[in-house]
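Just follow the structure's listing: the first ligand is 1, and inside any ligand the first atom is 1.
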Amino acid sequence: MSVDGSGVLMEPGVAKSMPTTGGAGKPTQGQAGRRDTSVSNYVNELMQQVKAKNPAEPEFHQAVHEVAESLALVFEKHPEYRRKKVLERIIEPERVLLFRVPWMDDKGEVHVNRGFRIEMNSAIGPYKGGLRFHPTVNLGILKFLAFEQVFKNSLTTLPMGGGKGGSDFDPKGKSDNEVMRFCQAFMAELFRHIGPNTDVPAGDIGVGGREIGFLFGQYKKLRNEFTGVLTGKGLAWGGSLIRPEATGYGCTYFAANMLATRNQTLDGKTCLVSGSGNVAQYAVEKIAQLGGTIVTMSDSSGHIYDPEGIDAEKLRFVEELKNVRRGRIQEYTQKYRSATYTPVDPKLDHNPLWAHKADCAFPCATQNEINGADADHLLKNKVFVVSEGANMPSTPEAITKFVEAGILFGPGKAANAGGVAVSGLEMSQNSLRYNWTREEVDQRLLGIMKSIHDACVAASNRYGTTGNYVNGANIAGFLKVADAMLDQGIV
Ligand code: NDP
């Protein structure tokens with residue numbers, strides 16, 4: 001069995017293979033034809049074991065498969081990683097915590113949610129990765145996110161291991177008091193397992209500044225200590241300037257770095273952005289600052305299309321709508337008549353947001369939001385830059401199409417690493433008990449995104465797949481963690 005583009009389990013031979021070789025402007029060819037058969041067999045066997053051991057976790061299978069395909073290039077040259085079973089060890093979380101989160105709503109009714117923390121890998125630093133509060137959260141989704149986080153954190157050049165956590169709690173429609181009681185109940189268990197030198201969670205979908213505040217308050221009360229145990233904190237209590245902006249800014253900087261390889265900039269480019277949360281808002285802000293015109297934003301109910309562009313004033317409206325009033329994106333069209341709203345139609349095999357004409361696409365909502373049909377629409381409309389703000393937003397089928405078309409495709413584990421990079425800088429500032437200025441943090445973020453970009457390019461060149469940022473990110477991210485694991489022995 002294998003995983004198709006939508007995360008559905010399929011019989012052997014049915015699945016499309018992941019992108020392998022190829023680079024900017026060149027037609028791509030599959031790698032399997034010229035790959036050492038023992039390595040091909042190894043990847044196939046590994047995937048069979050992963051699926052047998054982790055049933056009903058299609059997103060986790062998808063994430064592991066993509067990485068294993070890229071690493072086949074490394075294993076051909078360096079069999080020692082296979083002999084020492086480094087990838088097998090990375091796939092198995094160091095620790096998985098699953099706990100009950102009981103809480104009471106405003107009417108006095110009791111609810112029970114499930115809390116999770118996946119401590120995936122600590123070879124190069126304390127576990128680090130966000131918390132997601134969303135009704136779709138389950139073990140498989142958090143394991144895929146934690147697995148991706150290991151490689152992403154390694155790419156940032158900072159000393160951070162990988163983790164992820166969250167709950168199937170849905171903050172939508174809950175009062176501030178209900179969200180506070182839930183966060184306190186969640187932390188009443190999690191506090192035993194985390195700490196500034198052990199595991200440092202942050203935000204993700206459904207966990208923003210409000211939730212981090214409630215979680216931090218409860219941790220501080222239970223531990224009686226003020227430490228940098230969470231990142232994404234408020235500025236007055238240990239937060240870093242630019243942390244809220246970092247993921248959206250970072251994925252825009254990554255796109256700018258990719259464009260620079262073709263002597264181009266974002267100036268004058270038409271851009272599609274999905275989502276309207278933290279990552280999307282700051283991607284829109286930075287794209288507009290760099291001269292791009294953003295024509296779409298969305299939420300899980302639908303998307304808006306504004307051919308006149310979402311400028312700074314319109315973005316302020318979206319921020320107030322989403323962060324303060326917690327309303328739906330449809331309201332944008334009541335305020336700005338130039339825009340149209342298209343609700344999600346579950347009967348469609350594609351997302352019409354990706355069918356608008358543009359040059360660049362920034363998926364900033366959620367996993368598997370660009371499928372094969374969406375990729376066809378993007379390519380037909382001459383989109384030639386895709387920079388992933390979200391984690392794994394493109395299905396394997398979509399990635400194959402992007403890589404084969406030779407467009408500039410920046411995978412999430414590289415393109416959206418700016419968020420965790422500035423989280424790492426927040427940890428450093430907490431340790432120093434010192435705050436850097438906005439300009440200092442932004443300069444460091446710019447520098448980190450450039451080194452991530454260049455590391456991807458160098459690794460993809462070194463392993464003969466020039467222009468393939470998927471291979472570049474997977475290989476560069478893996479090597480640092482793998483070498484640290486070899487140094488530290490079998491633990
Ligand atoms: P937010 O909760 O702030 O925003 C998420 C946005 O995506 C909302 O507009 C939400 O709409 C939409 N969305 C969520 N689920 C779905 C869905 N199933 N279908 C369609 N739309 C959906 O989260 P973030 O902006 O923080 O995160 C967005 C993505 O970026 C995630 O993949 C996350 O893992 C990734 N990421 C985030 C980082 C960060 O620093 N925050 C760091 C690196 C990656 P609605 O409000 O209707 O739910």
Side-chain angles (χ1 to χ4, degrees), residues 6-7 59 63 128-137 141-142 144-146 148-149 151-153 155-156 162 164-166 169-173 201-212 230-232 240 242-251 254 273-284 296-304 318-319 321-323 325-332 343-346 351 353-354 362-371 374 387-394 410-424 426 445 449:
S6 57
E59 293 86 359
K128 181 89 197 85
L131 296 171
R132 177 177 291 192
F133 291 170
H134 195 272
T136 56
V137 160
I141 287 183
L142 293 179
F144 118 64
L145 289 163
E148 294 269 301
Q149 196 81 44
F151 299 86
K152 182 188 310 192
N153 292 4
L155 283 169
T156 64
K164 200 83 190 187
F169 172 75
D170 187 0
K172 246 180 247 138
D204 190 75
I205 291 179
V207 179
R210 174 182 61 169
E211 291 76 16
I212 293 290
L230 291 155
T231 57
S240 172
I242 304 281
R243 175 59 190 93
E245 294 89 335
T247 309
Y249 279 17
C251 95
F254 197 86
V273 173
S274 66
S276 50
N278 170 269
V279 180
Q281 289 171 19
Y282 288 107
V284 167
T296 59
M297 289 186 85
S298 67
D299 59 25
S300 53
S301 309
H303 81 270
I304 55 110
V318 173
E319 286 170 355
L321 172 70
K322 285 290 170 183
N323 309 347
R325 288 193 285 126
R326 301 189 189 271
R328 308 307 294 160
I329 198 71
Q330 180 173 15
E331 279 188 46
Y332 182 99
V344 168
D345 179 354
N351 179 351
L353 185 155
W354 304 120
F362 293 83
C364 296
T366 192
Q367 64 271 4
N368 291 330
E369 55 169 314
I370 298 183
N371 65 18
D374 297 317
S387 188
E388 294 188 331
N391 282 310
M392 209 169 75
S394 308
K413 63 170 77 67
N416 73 34
V420 73
V422 175
S423 277
E426 182 173 330
L445 173 63
M449 294 315 295

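- For ligand 1, the protein residues placed under 4.0 Å by at least one non-hydrogen atom are R132, H134, K152, K172, D204, I205, G206, R243, T247, G275, S276, G277, N278, V279, S298, D299, S300, R328, C364, A365, T366, G389, A390, N391, N416.
- Looking at residues two or more places apart in sequence or on another chain, you find a side-chain contact (heavy atoms from CB on, under 4.5 Å) between S300 and K172, R328.
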Just do the side-chain contact (heavy atoms from CB on, under 4.5 Å) check on L131 and E211 with the steps written out, would you?
CA-CA 10 Å; L131 296 171; E211 291 76 16; over 6 Å; no
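- One N or O on the side chain of D374 and one on the backbone of N351 form a donor-acceptor pair closer than 3.5 Å.
- By the 4.5 Å heavy-atom criterion applied to side chains, Q330 and S301 are not counted as neighbours.
- Counted by atom type alone, E319 and N323 present zero donor-acceptor pairs between their side chains at under 3.5 Å.
- At least one side-chain heavy atom of K164 sits under 4.5 Å from a side-chain heavy atom of N391.
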